[in-house]
Amino acid sequence: VTNLAPYNTFKVEAFARDFIELSDLSSLSNLGNLENSLILGLGANILFTKNFESLVIKNNLKGKKVLKETDEEVLIEVASGENWHEFVMWSVENSWSGVENLALIPGTVGGAAVGNIGAYGQTVGEIIEKVKTDNGLGLTNQECQFSYRDSIFKRQLKNKAFITSVVFKLYKTAHFAADYYSRYESLRTYLPSHPTPQTVAEAVTKIRTAKLPDWKTLPTAGSVFKNPFVTKKHYEALAKEIKDLQMYPVDKMIYPRPGDPVFNTAEMVKIPAGRLLDELGWRGKRIGRVATYDKHALVVVNCGGASGQEIFDFVQQMRLSVKKAYAINLEPEIEII
Ligand SMILES: Cc1cc2nc3c(=O)[nH]c(=O)nc-3n(C[C@H](O)[C@H](O)[C@H](O)COP(=O)(O)OP(=O)(O)OC[C@H]3O[C@@H](n4cnc5c(N)ncnc54)[C@H](O)[C@@H]3O)c2cc1C
């Protein structure tokens, strides 16, 4: 048995019956059927509430190479075990654009594709060309079915495909939509008048450092819930109660799957779960060894020695409180095991 505490950013104890670290592709074929196994990146999106009675495969596959380069674009293949933030910094140092807003998100490249990570108006699904898996087949962007914090790897292919590498298409000219700067007020204030991928990544890093805990010193998995979608009518009612409640029209969200029925409805808006929790007094609230971060009510932290079950109970209380007050069912963003 192996204690998984060093392998999840909540730092909770849970024991895996079997555990291996995978650093070369050839060993992957020896593992056989992965159906009951857990593939682990950094464990930045997972809450263990119990022991794992099967095999945990910690992904350490490393390497990146430029596959193709033109005057406008560059295609890069990155091994799934590479650190996400290091990949972002490497890209912006090369002045390649497309990932700069996703700086400082903890995790691996494989984990980023699974969860279609997003921040400040950018999502990783927008720049993924292909995802390669252990069966040798690649999935095209379309086949990955990226949507809001979601992909086929969380659904039909869950525990059925080991992502070995991801092929990204990055741009040699600035590839950030100019208009979102006005929506993300906080980002704009940190930017020079002519932003580059590097200055955007620096601005994002500054804001995130100020707003979010460092999981290495204050264990956390970031936001515990997704931002909910509500009808415009519901939003208007809420906005009367909750000062400065923002909203984002769902049909304007930039996701590479515009056909997705969820995102096609002009009737729905996305609202910040953090603001709802704020209003209900959850920011900085502590129960036993679990709390929300004092600068962000959506971010749950382990104050030291909390078990996965204690964190889970805390998260359930948050959910219940929002449900009672606003009739909104918050959906977990973290994976609860
Ligand atoms: C402080 C903090 C801030 C955060 N901020 C953000 C944010 O702004 N935006 C955002 O979107 N997320 C954010 N997150 C969440 C987290 O960083 C992302 O979900 C990240 O992509 C998780 O990557 P990981 O490698 O740790 O995946 P893990 O947590 O290890 O795994 C997540 C899931 O992916 C599967 N998986 C992982 N690797 C593979 C693979 N190679 N093949 C197949 N399946 C695999 C796992 O089995 C699991 O189901 C934050 C987390 C923290 C701690």
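Indexing begins at 1, ligand by ligand and atom by atom, following the structure's order. Numbers for residues simply follow the sequence, beginning at 1.
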(request) Determine whether any heavy atom of Ala112 lies closer than 4.0 Å to an atom of ligand 1. (result) yes

(message) Give me the residue, atom name and distance of the protein heavy atom closest to atom 48 (C) of ligand 1.
(response) Glu335 OE1, 3.1 Å

(message) Could you report the tightest heavy-atom contact between Cys144 and Val131, atom names first, then the distance?
(response) SG-CG2, 3.7 Å

(message) Counting non-hydrogen protein atoms only, what is the nearest one to atom 29 (O) of ligand 1? Give residue, atom name and distance.
(response) Asn45 N, 2.9 Å

(request) From atom 47 (O) of ligand 1, work out which of Val109, Ile39, Asn8 has a heavy atom at the shortest distance. (result) Ile39

(request) Return the residue, atom name and 0.1 Å-rounded distance of the protein heavy atom closest to atom 44 (N) of ligand 1. (result) Val114 CG2, 3.6 Å

(request) May I ask you to check if Lys270 and Tyr148 form a cation-pi contact, with NZ or CZ under 6.0 angstrom from the six-membered ring centre and within 45° of the axis? (result) yes

(request) Do me a favour and list the nearest non-hydrogen protein atom to atom 31 (O) of ligand 1 with residue, atom name and distance? (result) Ile46 CD1, 3.8 Å

(request) Around atom 18 (C) of ligand 1, find the nearest protein heavy atom and jot down its residue, atom name and distance. (result) Ile117 CG2, 3.7 Å

(message) Can you classify the ring geometry of Tyr7 versus Phe19 as parallel (below 30°), tilted (30 to 60°) or perpendicular (above 60°)?
(response) tilted

(message) Could you work out, for atom 25 (O) of ligand 1, the closest of Asp214, Thr108, Leu61 by heavy-atom distance?
(response) Thr108

(request) May I ask whether Lys154 has any heavy atom positioned less than 4.0 angstrom from an atom of ligand 1? (result) no

(request) May I ask you to decide whether Arg17 forms a salt bridge with Glu53, counting only side-chain N to carboxylate O separations under 4.0 Å? (result) no

(message) Please classify the Ile163 to ligand 1 contact at 4.0 Å (heavy-atom distances, strictly less than): side chain, backbone, both or neither.
(response) both

(request) Give yes if a backbone or side-chain nitrogen or oxygen of Trp215 is under 3.5 Å from a nitrogen or oxygen of ligand 1, and no if not. (result) no

(message) Would Leu38 count as being in polar contact with ligand 1, using the rule that some N or O on each side must be under 3.5 angstrom apart?
(response) no

(request) Could you pull out, from Pro213, Ala221, Ser80, Gly118, the option with a heavy atom nearest to atom 7 (C) of ligand 1? (result) Gly118

(request) Tell me which protein heavy atom sits closest to atom 13 (C) of ligand 1, plus the residue, atom name and distance to 0.1 Å. (result) Ile105 CG2, 3.7 Å

(request) Count the heavy atoms of every other residue, nucleotide or ligand shown that sit under 6.0 Å from NZ of Lys172, and state whether that count exceeds 12. (result) yes

(request) Return the option from Gly222, Ala113, Pro106, Gly43 holding the heavy atom at the smallest distance from atom 16 (C) of ligand 1. (result) Pro106

(request) Would you tell me which option among Ala161, Ala44, Gly110 has the nearest heavy-atom contact to atom 43 (C) of ligand 1? (result) Ala161

(request) Indicate whether the side chain of Ser151 and that of Gln145 have a donor and an acceptor atom separated by less than 3.5 Å. (result) no

(message) Within the 3.5 Å criterion, strictly below it, is a donor on Thr164 or Asp134 matched to an acceptor on the partner's side chain?
(response) no

(request) Give the residue, atom name and distance (to 0.1 Å) of the protein heavy atom nearest atom 30 (O) of ligand 1. (result) Gly41 N, 2.7 Å

(message) Taking Glu35 first and then Lys160, would you say they form a salt bridge - that is, a charged N and a carboxylate O separated by under 4.0 Å?
(response) yes

(message) Checking contacts here: is it the side chain or the backbone of Ser223 that comes within 4.0 Å of ligand 1, counting heavy atoms only? Could be both or neither.
(response) neither

(request) Assess whether atom NZ of Lys62 is packed by more than 12 heavy atoms of other residues, nucleotides or ligands within 6.0 Å. (result) yes

(message) Return the closest protein heavy atom for atom 8 (O) of ligand 1 as residue, atom name and distance.
(response) Arg208 NH1, 2.9 Å

(request) Below 4.0 angstrom from a heavy atom of Gly111, which ligand 1 atoms are there? Numbered from 1 as shown, please. (result) 21 (O), 23 (O), 25 (O), 27 (O), 37 (C), 38 (N)

